[in-house]
There are 2 protein chains.
Amino acid sequence: MLKRLLLLLLVGIFTQQSFSQHQLSKTLNLMPWPKEINANSEVFLIRSDFTIQINYADETKVTHAATKFLRRLSTRTGIFLKNGFPSKNNEKASLQITFQKVVAPVLGVDESYKLEVKNKQILLKATTDIGAIRGLETLLQLVKNTKYTTYFSGVSITDAPRFLWRGLMIDVARHFMPVEVIKRNLDAMAAVKMNVFHWHLTDDQGFRVESKVYPKLHQLGSDGLYYTQAQIKEVVKYATRLGIRVIPEFDVPGHASAILAAYPALGSKDGYDYSIERNAGVFDPTLDPTNDETYVFLKNLFTEIAPLFPDEYFHIGGDENEGKHWSESKEITAFKKKHQLKTNHDLQTYFNIKLEKILLKLHKKLMGWDEIMTPTMPTTAVIHSWRGAHEGLKESTLIAAAKKGYQSVLSNGYYIDRMLSVKHHYGVDPIGDAVLTKQERARILGGETTMWSELVTPLTVDSRIWPRTAAIAERYWSHKSVRDEDNMFKRLNVVSFQLEELGLTHLRNKNVILRNITQNQNTSSLQVLSAISEPLKIYSRNSGGTEYQTYSPFALFADACTADAADAISFAKVVDLHVANSTKITQKKLLYFFQKWMKGYTQFQKLKPNPKLARLNPLYSNLNAVSELFYKALKENSRVNDGAVMLAINKLKVPVEDVEVVLVKSLIKLKRSLIK
Amino acid sequence: MLKRLLLLLLVGIFTQQSFSQHQLSKTLNLMPWPKEINANSEVFLIRSDFTIQINYADETKVTHAATKFLRRLSTRTGIFLKNGFPSKNNEKASLQITFQKVVAPVLGVDESYKLEVKNKQILLKATTDIGAIRGLETLLQLVKNTKYTTYFSGVSITDAPRFLWRGLMIDVARHFMPVEVIKRNLDAMAAVKMNVFHWHLTDDQGFRVESKVYPKLHQLGSDGLYYTQAQIKEVVKYATRLGIRVIPEFDVPGHASAILAAYPALGSKDGYDYSIERNAGVFDPTLDPTNDETYVFLKNLFTEIAPLFPDEYFHIGGDENEGKHWSESKEITAFKKKHQLKTNHDLQTYFNIKLEKILLKLHKKLMGWDEIMTPTMPTTAVIHSWRGAHEGLKESTLIAAAKKGYQSVLSNGYYIDRMLSVKHHYGVDPIGDAVLTKQERARILGGETTMWSELVTPLTVDSRIWPRTAAIAERYWSHKSVRDEDNMFKRLNVVSFQLEELGLTHLRNKNVILRNITQNQNTSSLQVLSAISEPLKIYSRNSGGTEYQTYSPFALFADACTADAADAISFAKVVDLHVANSTKITQKKLLYFFQKWMKGYTQFQKLKPNPKLARLNPLYSNLNAVSELFYKALKENSRVNDGAVMLAINKLKVPVEDVEVVLVKSLIKLKRSLIK
């Protein structure tokens with residue numbers, strides 16, 4: 001009873017605290033939301049005499065971040081700062097940055113900071129330099145303005161992350177991503193306090209690292225699209241300066257077509273014609289785990305590659321190996337029998353354990369996708385949980401792994417290439433309601449957002465990662481109770497725009513694609529259409545993996561569209577309001593939308609035609625037909641003809657050019673209300 | 001008499017030929033316009049079975065260009081090509097590429113090609129691989145479409161450049177430009193057949209190359225913003241593959257603040273506090289040409305750096321040295337006397353001749369800005385002609401240099417940082433009416449567009465270079481007679497859009513800046529304003545060089561505006577038509593513009609205010625006032641009040657936020673016609 005009382009009391013306090021945060025989150029656009037925050041009634045006015053002092057000698061990360069802070073502040077506000085660099089000897093500086101030590105970004109490093117914004121000065125204090133740069137990002141989110149002034153909001157913040165591992169994986173195998181794509185995404189990660197960049201460097205479609213020991217890997221396995229070792233070092237250095245760890249992934253024994261295109265003798269099937277894969281999917285080419293040469297190769301390769309990556313963790317993939325070629329091989333079958341390996345899973349574990357020993361000598365911890373978690377796999381391995389309901393499991397493997405003694409990281413629920421709403425991902429809590437011991441909880445390192453690149457290119461990758469990943473970053477950093485969706489959307493909209501300021505291309509490249517489709521004509525009608533259209537979800541675009549090849553065009557209308565189509569969200573809200581309580585205002589708002597879509601179609605039809613526009617016509621024409629019916633009914637306050645409307649809606653439902661107009665649910669809701 | 005007859009005949013033939021080209025240039029958007037082109041009545045339909053054969057083994061440049069050609073073709077047309085790569089064994093391939101030899105991009109290399117597009121096949125023939133890749137760019141400009149089909153226009157082209165040296169200089173010292181900025185600009189250069197990238201790597205504001213011999217140069221002279229040697233090699237490799245030469249420039253003995261910030265002992269003034277310069281202008285810090293250590297330093301540095309650049313030419317700057325510190329130094333004055341060097345120019349020539357010897361040992365030809373052309377300078381040096389009327393000369397130094405026996409390259413007239421209309425640069429012919437001997441003509445290598453970066457950053461640099469540089473590239477490549485401005489503008493508009501497809505950011509980044517200014521509100525009212533506004537020209541922005549520092553914000557309204565503001569050009573044409581012959585149509589068109597500007601202002605006023613918008617208000621409000629006056633007069637067919645209108649126009653004339661509304665001339669013209 002006492003326990004329950006205590007619990008109620010705690011819940012009460014907690015609710016109050018989170019409520020007060022929620023009040024502030026209406027006016028402040030911080031993301032991720034800090035652990036503790038209190039407003040004071042002060043503001044720090046930003047003027048041209050703004051200066052920074054760093055209270056630490058011989059330092060790189062904070063000096064770099066503070067210099068960039070000044071550039072970003074100047075760019076955002078338009079203020080000409082007299083002083084373009086932080087200094088070491090300026091006790092009167094506007095912003096005082098203090099910390100105790102310089103650290104490398106490793107798992108579990110202290111990232112906490114305290115930030116105090118007052119009238120006369122701003123104090124940023126941290127234990128480590130990484131904590132200090134996290135705090136700088138928070139401060140930059142506190143910039144506000146009136147008509148004539150710009151200021152930092154007065155607050156006291158005490159902040160620290162909930163999870164140690166807050167990652168983003170980028171697949172550079174399916175589509176190669178040049179260094180600048182990686183760098184700008186690292187900048188964005190740092191802006192929302194993420195700290196792990198997982199670099200998926202190899203797969204069936206490409207081996208993306210220069211190897212001096214096995215040069216055929218990049219020569220024959222990459223179509224010339226790979227990182228030189230100098231570039232790898234450059235990226236790691238760049239990430240390190242942002243307090244971001246870099247975890248390389250070399251996916252073995254499956255997903256190995258590109259490796260085997262270079263070194264076919266390591267394959268499991270004699271005489272197989274290994275080549276770089278051009279389609280998407282799961283393929284058969286697999287390293288031969290019974291061949292000693294395989295381990296010589298991996299040992300030499302990892303010995304060459306591992307030192308490029310200072311982080312302790314090393315990802316060996318290990319996923320989606322169905323062992324088809326293993327089962328087909330007499331030799332491999334005999335080997336399994338001899339070594340009492342009953343299944344292909346057992347054989348893969350045999351392989352993994354050998355790998356773990358190789359990595360151990362290189363002072364690396366083996367990490368792998370959750371298929372590696374077999375009964376005989378040592379708990380020294382780190383389990384990357386990716387499978388869940390979609391893969392036929394009851395729940396993700398994360399909690400099970402932690403209970404079995406493995407460190408584990410969650411990606412199930414954070415597959416942003418499925419093109420789902422940010423609400424979906426934001427709602428996934430790594431721990432949820434699981435009851436864990438302290439030790440088990442400690443093994444859950446955090447989460448990782450995965451950007452698989454079958455359907456993205458450097459032109460579109462940012463718009464698939466951002467802004468949704470910023471909200472997921474909040475899930476990794478902030479308290480579980482921070483989960484109001486509307487508030488998240490409000491803040492995300494601001495953060496998204498600020499990421500553009502930082503160099504991300506998710507907003508600007510939309511119009512690039514639309515200009516391409518119109519061939520340099522006015523894109524406004526396509527903007528109208530794209531604001532209610534989303535690319536097909538959950539792998540129904542390119543289902544089967546053979547419609548698109550790696551060299552297919554990815555500047556189609558679907559590539560200009562994103563999840564969370566803005567007008568569709570607004571329209572759904574208006575429909576809900578109207579259905580609940582129709583007023584002149586809700587009616588007017590609905591009319592506005594239908595009119596916008598009809599006008600859009602009229603404009604669209606005036607464009608000089610081309611094949612790409614012609615293919616979009618059915619989509620727009622269906623939208624126009626639906627809009628005309630609703631517009632008439634609403635305007636005339638008449639009922640809609642159920643049959644005619646459903647016919648039009650059903651037409652609109654059909655995906656065109658890999659895009660769906662995401663109004664259908666709202667339209668049906670509205671239709672019902674208009675029949676009543 | 002016979003001679004004159006012959007001349008008339010030649011002019012006749014020539015006029016006819018250029019006329020027929022002009023006819024084709026109405027329908028084809030080639031830029032630069034080819035030497036000879038004839039249309040046939042055929043078309044090559046582009047379908048998914050499009051393929052390329054390269055008739056040459058073991059080749060890099062063309063394979064790379066052909067692969068990129070397929071990607072670009074697919075992206076532009078939206079066609080899913082079945083075959084993503086060129087092949088070596090496909091005689092039935094749609095496009096047959098044939099050439100005789102692989103060459104390095106050196107001065108004078110054969111860049112000619114022949115291209116024949118017929119119903120069944122396309123033949124591209126060249127002597128060298130570089131000629132072949134030039135031809136591929138032409139072919140890509142021949143893509144056209146109907147509503148349902150896409151095709152290459154049927155033509156026969158025989159093409160070769162007019163000038164051997166078709167360059168773009170990018171200054172990475174005043175503002176550092178990361179590797180990706182350089183790479184995308186190299187892509188754009190190749191798209192318009194330019195072949196020299198002049199890399200202005202050092203200046204008062206930064207030393208941008210890693211030196212292992214003198215590491216303080218990049219450590220103390222660059223704010224951490226420099227290219228590693230690996231990156232230099234990467235860029236040179238990238239350029240080479242595009243058939244582009246890379247000429248590095250190390251600006252000495254002036255423009256040397258960054259060098260002297262690192263190695264002050266090499267300076268001409270004892271005890272001077274050398275530091276990286278933050279302002280723009282001409283500064284005093286100068287290497288000491290009387291100090292033996294200077295030559296040891298330059299010898300060691302050039303010995304380290306020169307091998308990174310395979311090209312024979314090496315640019316030592318040499319410009320704008322006023323020798324102030326030399327005159328102030330007793331030792332240097334004594335040295336001059338001792339060596340019978342009367343002027344500081346003579347002393348600089350002494351320095352240059354020493355440099356030339358150092359470079360000769362490194363197998364490099366010395367190139368320098370035209371100040372190096374003193375009477376005693378050997379004619380082995382290459383003169384880069386930059387001064388002209390603006391610098392107080394009667395004409396550029398180009399012709400004089402050629403007549404004196406120097407190889408020479410023209411940049412005077414191609415200073416795109418002056419923000420003039422493309423018409424101005426397009427009208428500058430390197431040779432003009434100069435009468436030259438064959439030898440003198442041969443010494444005129446070509447031209448170079450200069451992008452000085454005092455007022456540009458990676459965000460805006462593309463919009464300063466492109467599209468204007470594409471028209472200048474035509475000046476360098478095409479026959480002198482290709483000079484119709486309207487036709488150039490028509491083609492340039494298409495090429496500009498295609499450069500965006502290639503990755504250039506000149507179009508997309510405009511809205512990035514406008515979003516920044518509005519703070520993520522609707523930017524349409526600012527788009528309206530920017531379509532008639534241009535940044536201040538001919539160095540009147542930041543005149544004096546101290547308003548902006550290198551770290552000032554360059555995301556202001558002026559940075560979103562460009563030369564050749566589109567609506568201002570259209571408006572001027574309508575005004576001319578109206579003044580010549582006012583009709584209902586011209587009246588309606590004029591009303592459209594004034595209404596657009598008034599509406600724009602209404603929208604602008606509805607934006608949530610911020611300091612950046614507030615600063616723009618006077619500009620928009622002045623535009624609105626003028627528009628109201630003219631709108632009323634035109635609408636009511638009434639006369640305008642001269643005094644009131646001139647008052648309003650004079651207000652509008654005043655630059656605001658470093659921008660001018662470029663309507664004034666047209667408005668005054670229109671006003672006169674309305675008073676009559």
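None of these values were measured; they are calculated from a predicted model. Chain identifiers are assigned alphabetically (A, B, ...) following the order of the sequence lines, protein sequences preceding nucleic acid strands; residue numbering begins at 1 within each chain.
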I'd like to know which of [options] tops the heavy-atom pair count under 4.5 Å against chain B.
| options | answer |
| --- | --- |
| A/T150, A/N83, A/N511 | A/N83 |
| A/E234, A/R278, A/R515 | A/R515 |
| A/V512, A/L613, A/T505 | A/V512 |

message: Could you check whether any side-chain N or O of B/K612 sits under 3.5 Å from a backbone N or O of A/R76, counting only pairs where one atom can act as donor and the other as acceptor?
response: yes

[X] portion near chain B, given a 4.5 angstrom heavy-atom threshold:
| X | answer |
| --- | --- |
| A/F85 | side chain |
| A/S496 | neither |
| A/T146 | backbone |
| A/I79 | backbone |

task: Might you confirm whether atom NZ of B/K490 has over 12 heavy atoms from other residues, nucleotides or ligands at distances under 6.0 Å?
output: yes

message: Can you confirm whether A/K233 is buried at NZ, in the sense that more than 12 heavy atoms of other residues, nucleotides or ligands lie under 6.0 Å from that atom?
response: no

With side chains defined as the heavy atoms from C-beta onward, is the minimum distance between [X] and [Y] less than 4.5 Å?
| X | Y | value |
| --- | --- | --- |
| B/L556 | A/F80 | yes |
| A/Y148 | B/N610 | no |
| A/T75 | B/N516 | yes |
| B/P611 | A/N145 | yes |
| A/N493 | B/N520 | yes |
| B/Q231 | A/Q231 | no |
| B/Y551 | A/S74 | no |

Among the listed options [options], the residue most often paired with chain A at heavy-atom distances under 4.5 Å:
| options | answer |
| --- | --- |
| B/S524, B/G78, B/P553 | B/P553 |
| B/Q519, B/K608, B/Q549, B/K82 | B/Q519 |
| B/D223, B/L73, B/T457 | B/D223 |
| B/L459, B/V179, B/I513, B/T77 | B/T77 |

message: Show, in sequence, the C-alpha distance, side-chain angles and deciding distance for A/E180 and B/K183, and conclude whether the side chain to side chain contact (heavy atoms under 4.5 Å, CB included) test is met.
response: CA-CA 11 Å; A/E180 73 267 20; B/K183 282 185 176 175; 5.8 Å; no

Side chain, backbone, both or neither: which part of [X] has an atom under 4.5 Å from a heavy atom of chain A?
| X | answer |
| --- | --- |
| B/T550 | neither |
| B/T149 | backbone |
| B/K510 | neither |
| B/R508 | both |
| B/N509 | side chain |

